[in-house]
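Note sheet for the following structure.
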Amino acid sequence: MNCQQNPAITFIIPAYNAERTLERTLDSILRQTDNRYQAVVVDDGSVDGTSRIGQSYANRCPQKIRYLYQENRGLGGARNTGLGLVETTYVSFLDSDDWLMPDYVERILGRIEEAGERGEQPEIIMTLPVIWNEKSRVAQDWYDRELFLQIFPRDGCVVNPQKELRLYQFEVNVCRKVLQTAFIRRIGFAFREKVKWEDVYPHFYLLSRCRRCMGVAVGFYYRIGSDAQITACTGADRMDVFPVFEDVAALIGQGRDELIFPAMRMMLRFSFWCIRMADMETREPLVRGLRLFFGNLPDRYFRILRRESRRQYAPKDAAQYALLALSLRRRAGNLVFSDYLWQEICETLIKKALRAGERTA
């Protein structure tokens, strides 16, 4: 591999109090089999040893790694800072507790070059991460692996998201996307700042503007099972779902009917997950806010959700979506979801009823 070639991809790594994991992340970049990359570490106000680690790597590999410190602006703000420094053709994001597969850059750039020869320069590249459970020390398939391989049966396939709507059903993680820099600057893309779950809306916005999306079955190791993860929070941060959902609803409201089903599916699943993870102090206002949010959405959205669920999923799965949507919009749902015991009882009864329906069908 020619080490003198110009960088083609920049990795933006937001880091907040990441002294325990940042070295592994940076080492995974420096050990790539293709060195046409740069990395920008954005220290988002850390108060541990993150700055020492980031600066030491930048001093050791100044041509490959850049380190900068900023006052805390959250993941979205750190990523926006990094985006402003990108000079390469493509950009990607990597969290400071995840790490790349060794041939990531080589595989991605190789497929981009092949697509360019066909006149199909991709605006978004979807990758296929692997889940690493920190507690069990076991690797697992990515959440949507089966769907990914259906849409992209071979590495380097390019599809149009305006025609292949199943792309919107992918797990929304922004780190599994490689973005063409000219594309995101042309559409004026930036992350919402000072909120959690900041990559939910970009998933829909970016795909809605994209015409060429490529799939490459290589990725990074996504760490779960750590109490330090953002997704592990149980308190008031859960309320950040509301500005995120409002952004998604505003996008749908721009006449993007093709987004209604995947967006509704995502918001319902995400709502249910947030409720289950919330502590008791947060749970009641969260459920109440979700009832108001879903209650203000047009009834047409729920008809489309029911219709498409029946068309695309098994009867049991379609029924679960319908029941969840109904319960979140009704005052009785507040009583059920606000209490862990009642929720568990109702879930058990619903599952029994669905199984009984399958036996009699």
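Every heavy atom of this structure was used, including side-chain atoms; hydrogens, water molecules and symmetry mates were not.
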Practice task
Starting from the C-alpha separation in whole Å, work towards a yes-or-no answer on side-chain contact (heavy atoms from CB on, under 4.5 Å) for E134 and R137.
Solution key: CA-CA 5 Å; E134 197 76 18; R137 315 298 290 179; 3.1 Å; yes
Problem - CA sep, side-chain torsions, deciding dist, call: T50, E19, side chain to side chain donor-acceptor pair (under 3.5 Å) - result: CA-CA 5 Å; T50 298; E19 65 177 0; over 6 Å; no
Handout entry: Parallel, tilted or perpendicular: rings of F170 and F152 (30°, 60°)
Key = tilted
Exercise for the section: Give a yes-or-no answer on whether the side chains of N80 and E193 include a donor-acceptor pair shorter than 3.5 Å. Expected result: yes
Handout entry: Quiz item: cation-pi between R60 and Y57, 6.0 Å / 45°
Key = yes
Handout entry: Residue pair I260 / D257, side-chain heavy-atom distance below 4.5 Å
Key = yes
Problem - E284 side chain to M280 backbone, donor-acceptor under 3.5 Å - result: no
Practice task
State, to 0.1 Å, how close A115 and M214 come at their nearest heavy-atom pair, and which atoms those are.
Solution key: CB-CE, 3.3 Å
Exercise for the section: Quick one: pull up CG in N133 and OH in Y222 and give me the separation to the nearest 0.5 Å. Expected result: 11.5 Å
Practice task
Working to the nearest 0.5 Å, report the span between SG of C157 and CD of E164.
Solution key: 11.0 Å
Handout entry: Side-chain H-bond candidate by donor/acceptor type, Q38 with Q63, under 3.5 Å
Key = no
Exercise for the section: Could you tell me whether a side-chain N or O of K196 sits under 3.5 Å from a main-chain N or O of L75, the two making a donor and an acceptor? Expected result: no
Practice task
Verify salt bridge (Lys or Arg N to Asp or Glu O under 4.0 Å) between R79 and E198, making sure each step is shown before the conclusion.
Solution key: CA-CA 10 Å; R79 287 169 176 163; E198 75 296 324; 2.5 Å; yes
Problem - ILVMFWY cluster, L292 and L286 together (side-chain gap under 4.5 Å) - result: no
Handout entry: Gap separating the CD1 atom of I304 from the CZ atom of F261, nearest 0.5 angstrom
Key = 10.5 Å
Handout entry: Min side-chain heavy-atom separation V47-N17 under 4.5 Å
Key = yes
Exercise for the section: Answer yes or no: is there a side-chain heavy-atom contact under 4.5 Å between I9 and T89? Expected result: no
Exercise for the section: Give, for atom OG of S92 and atom CD1 of I125, the distance between the pair rounded to the nearest 0.5 Å. Expected result: 8.5 Å
Handout entry: Stepwise side chain to side chain donor-acceptor pair (under 3.5 Å) check, T282 with D279
Key = CA-CA 5 Å; T282 304; D279 58 33; 2.8 Å; yes
Handout entry: Beyond-backbone contact of Y16 with S46, side-chain heavy atoms, under 4.5 angstrom
Key = yes
Problem - Backbone N/O of Y168 and side chain of H203: donor-acceptor pair under 3.5 Å - result: yes
Problem - Test item: T10 and E87 side chains (from C-beta on) under 4.5 Å apart, heavy atoms - result: no
Practice task
Check T181 against T88 and note the closest heavy-atom contact, atom names and distance.
Solution key: OG1-O, 2.8 Å
Practice task
Mind running side-chain contact (heavy atoms from CB on, under 4.5 Å) on V178 and V91 for me, showing each step along the way?
Solution key: CA-CA 6 Å; V178 179; V91 59; over 6 Å; no
Practice task
Say whether T21 and S96, considering side chains only, have a donor N or O and an acceptor N or O under 3.5 Å apart.
Solution key: no
Handout entry: M266 backbone acceptor or donor facing Q169 side chain under 3.5 Å
Key = no
Handout entry: Whether D98 side chain and L94 backbone form a donor-acceptor pair below 3.5 Å
Key = no
Practice task
Just do the side-chain contact (heavy atoms from CB on, under 4.5 Å) check on L109 and E114 with the steps written out, would you?
Solution key: CA-CA 9 Å; L109 295 185; E114 292 170 1; over 6 Å; no
Problem - Y90 versus R36, side-chain donor and acceptor atoms under 3.5 Å - result: no
Problem - Validation row: Y221, R24 side chains within 4.5 angstrom (heavy atoms) - result: no
Practice task
Kindly state whether the ring of W132 and the ring of W142 have centres lying under 6.0 angstrom apart.
Solution key: no
Problem - Cationic tip of R329 above F302 ring, under 6.0 Å, 45° of axis - result: yes
Practice task
Identify the heavy atoms of A217 and D155 that sit nearest to each other, and give their distance.
Solution key: N-OD1, 2.9 Å
Handout entry: CD (E281) with more than 12 external heavy atoms under 6.0 Å
Key = no
Practice task
Flag this pair as yes if the NZ/CZ of R223 is under 6.0 angstrom from the six-membered ring centre of W99 and inside a 45 degree cone about the axis; otherwise no.
Solution key: no
Practice task
Dump the intermediate steps for salt bridge (Lys or Arg N to Asp or Glu O under 4.0 Å) on E123 and R212, then the final yes or no.
Solution key: CA-CA 6 Å; E123 296 166 320; R212 295 181 302 279; 3.8 Å; yes
Exercise for the section: Assess the side chains of Q150 and R166: does a donor N or O sit below 3.5 Å from an acceptor N or O? Expected result: yes
Practice task
Please confirm whether the backbone N or O of N173 pairs with a side-chain atom of E171, one donor and one acceptor, at under 3.5 Å?
Solution key: yes
Problem - Separation between CG of L85 and OG1 of T81, rounded to the nearest 0.5 Å - result: 7.5 Å
Exercise for the section: Using the salt bridge (Lys or Arg N to Asp or Glu O under 4.0 Å) rule, take E258 and R256 through it: C-alpha gap first, then chi angles, then the decisive distance, then the call. Expected result: CA-CA 5 Å; E258 73 276 13; R256 303 302 302 254; 2.6 Å; yes
Fill in the blank from the handout: Nearest heavy-atom contact between L305 and S309 is O-OG, 2.7 Å
Problem - 4.5 Å side-chain heavy-atom contact, M126 and C213 - result: yes
Completion exercise
In this structure, CG of L100 is separated from CD1 of I108 (nearest 0.5 Å) by 9.5 Å
Problem - Heavy-atom side-chain contact between R66 and V41 under 4.5 Å - result: no
Handout entry: Shortest non-hydrogen contact from G156 toward V216
Key = N-CG2, 4.5 Å
Exercise for the section: Using distance alone, with no hydrogens and no angle criterion, decide if D43 and Y67 have a side-chain donor and acceptor under 3.5 Å apart. Expected result: yes
Problem - Heavy-atom closest pair, residues F11 and I29 - result: CB-CD1, 4.2 Å
Practice task
Check step by step if side-chain contact (heavy atoms from CB on, under 4.5 Å) holds for M264 and L297.
Solution key: CA-CA 10 Å; M264 291 292 290; L297 293 178; 3.8 Å; yes
Problem - More than 12 heavy atoms of other groups within 6.0 Å of R31 CZ - result: no
Exercise for the section: Give me the ring orientation class for F293 and F245: parallel if the planes are under 30° apart, tilted from 30 to 60°, perpendicular past 60°. Expected result: tilted
Exercise for the section: Answer yes or no: is there an ion pair linking R107 with D34, defined by an N-O contact shorter than 4.0 Å? Expected result: no
Practice task
Output, in order, the C-alpha distance, side-chain angles, deciding distance and verdict of salt bridge (Lys or Arg N to Asp or Glu O under 4.0 Å) for R73 and D44.
Solution key: CA-CA 7 Å; R73 290 167 52 192; D44 194 41; over 6 Å; no
Completion exercise
Exactly one candidate in F93, Y205, W197 meets ring pair (Phe, Tyr, Trp, His ring centres under 6.0 Å) with F191; the answer is F93
